[in-house]
Amino acid sequence: MVAEPKMWFLTPEEYLRQECAAETKSEFIGGEIIAMAGASLTHIRITDNVTIKLGNQLEGKSCEVFSQDLRVKMNEEGDYGYPDVVVACDAEVEGGDNLTNPVVIIEVLSPSTELKDRTTKFEAFRKRDSLLDYVLIAQNRVHVEHFHRGSNKSWILTMLDVREDELVLDSIGCRVKLSEIYARVHLPDLRPVPQKTVEAEADSNSDAKSTIATGEFS
């Protein structure tokens, strides 16, 4: 979703009262109201692709996938957001409308929301002990960043940028190929790589088809 500039500051209780009566959705982070605007066709296709693939794999299980219409209580400080995709197991809600136990959060990055998704929203969501996976998906190129909470509560980052790669979500027993995430998505053509360069890289690395980078932080 596309975020507009901040407008005013409220308490969490005031935000919830206003949100229940509002015709359009707004997120609430650190007292700041952030109105949500329409998404691009690419954004919608990626979100739908992920929702469908996860939903099919979770059929008959206690975990279920929700799209961006479900409000999630990020932490006990009273921050609230509408993730593009969220998975919960035995979903718990507060006040009838606010999910409190997300296991997987997935955001499709937009130019106006990328910084917020990477910083303030991730910082807020990390305070939820239930959250085990936080995923950022680029919509202008094939690129996925997967943050997984390790056993020592540090976060391990895996970056995927080849269509044959798989996003593996062990927390809910699901796997989604990047080719499935980006199905029907038309991305800008990249400059062709000279054939000699491709052959040289393949010779130097027998597993050159996949570019996966990993890292760890607390």
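Note that these values count all heavy atoms, side chains included, but never hydrogens, waters or copies made by symmetry. Quick caveat, the model's predicted, so the values are computed rather than measured.
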| Stepwise side-chain contact (heavy atoms from CB on, under 4.5 Å) test for R149 and L131 | CA-CA 8 Å; R149 193 193 297 266; L131 184 68; 4.1 Å; yes
| Set of ring-ring contact (aromatic ring centres under 6.0 Å, His included) partners for F66, sequence neighbours left out | none
| Any side-chain heavy atom of I33 sitting closer than 4.5 Å to one from Y15? | yes
| said: Quick check for you: to the nearest 0.5 Å, what is the distance between D48 atom CG and S67 atom OG? | reply: 8.0 Å
| field | Heavy-atom side-chain contact between H143 and L109 under 4.5 Å | value | no
| Between D84 (side chain) and T47 (backbone), is there a donor-acceptor pair under 3.5 Å? | no
| request: Could you tell me the separation between the CG atom of L178 and the CG atom of D161, rounded to the nearest 0.5 Å? | output: 8.0 Å
| task | Without swapping roles, check the side chain of E19 against the backbone of S26 for a donor-acceptor pair under 3.5 Å. | result | yes
| query | Can you tell if the side chain of I181 reaches within under 4.5 Å of the side chain of I46, non-hydrogen atoms only? | reply | yes
| field | R118 to F122 six-membered ring, cation-pi geometry met (6.0 Å, 45°) | value | no
| Sole residue of L136, I105, V135 in side chain to side chain contact (heavy atoms under 4.5 Å, CB included) with F147 | L136
| Backbone N or O of L115 within a donor-acceptor pair of the T119 side chain at under 3.5 Å? | yes
| query | Do N49 side-chain atoms and I52 backbone N/O form a donor-acceptor pair below 3.5 Å? | reply | no
| query | Checking S179 side chain against E164 main chain: does a donor-acceptor pair fall under 3.5 Å? | reply | no
| Taking side chain as C-beta onward, heavy atoms only, is D79 less than 4.5 Å from K121? | no
| query | How far apart are the closest heavy atoms of K116 and I34, and which atoms are they? | reply | CD-CD1, 3.6 Å
| query | If Ile, Leu, Val, Met, Phe, Trp and Tyr residues are connected whenever their side-chain heavy atoms lie under 4.5 Å apart, and connections chain through other members, are L187 and L41 in the same group? | reply | no
| So, for V108 and H43, which heavy atoms are closest and what is the spacing to 0.1 Å? | O-NE2, 3.3 Å
| message | Has E59 got a side-chain atom pairing as donor or acceptor with G55's backbone, closer than 3.5 angstrom? | response | no
| query | What are the two closest heavy atoms between I172 and C89, and how far apart are they? | reply | CG2-SG, 4.2 Å
| query | Any side-chain heavy atom of V85 within less than 4.5 Å of one from V65? | reply | yes
| Joint hydrophobic cluster, V142 plus V168, side-chain heavy atoms closer than 4.5 Å | no
| Among the clusters formed by ILVMFWY side chains lying less than 4.5 Å apart, do I44 and M36 turn up in the same one? | no
| What distance do E145 atom CD and I137 atom CD1 have between them, rounded to the nearest 0.5 Å? | 10.5 Å
| Do the ring planes of F28 and Y80 sit parallel (below 30°), tilted (30 to 60°) or perpendicular (above 60°)? | tilted
| Given the rule in the side-chain contact (heavy atoms from CB on, under 4.5 Å) test, do L16 and R71 qualify, once you have shown the distances and angles that lead to the verdict? | CA-CA 10 Å; L16 289 174; R71 186 167 59 243; 3.7 Å; yes
| So among R126, H146, E107, which one has a side chain to side chain contact (heavy atoms under 4.5 Å, CB included) with Y134? | E107
| note | In this structure, CG of L169 is separated from CG of D133 (nearest 0.5 Å) by 5.0 Å
| query | Less than 4.5 Å apart, any side-chain heavy atom of T100 and any of R128? | reply | yes
| task | Give a yes or no on whether the backbone of D90 and the side-chain of S62 come within a donor-acceptor separation of less than 3.5 Å. | result | no
| task | Show your working on side-chain contact (heavy atoms from CB on, under 4.5 Å) between Q57 and V176 and close with a plain yes or no. | result | CA-CA 10 Å; Q57 295 178 61; V176 184; 4.0 Å; yes
| remark: In terms of heavy-atom contacts, S154 and N152 come closest through OG-OD1, 2.6 Å
| remark: CG (D165) and OG1 (T158) are apart, to the nearest 0.5 Å, by 10.0 Å
| request: Might you work through the side-chain contact (heavy atoms from CB on, under 4.5 Å) test for D97 and V93, ending with a clear yes or no? | output: CA-CA 6 Å; D97 297 311; V93 293; over 6 Å; no
| Under 3.5 Å, is there a donor-acceptor pair between the side chain of E27 and the main chain of Y82? | yes
| Under the salt bridge (Lys or Arg N to Asp or Glu O under 4.0 Å) test, which residues partner R45, sequence neighbours left out? | none
| query | Just one of L54, V50, V87, V86 clears the side chain to side chain contact (heavy atoms under 4.5 Å, CB included) bar with V104, so which one? | reply | V87
| request: Can you measure from NZ (K73) to CG (L99) and round to the nearest 0.5 angstrom? | output: 11.5 Å
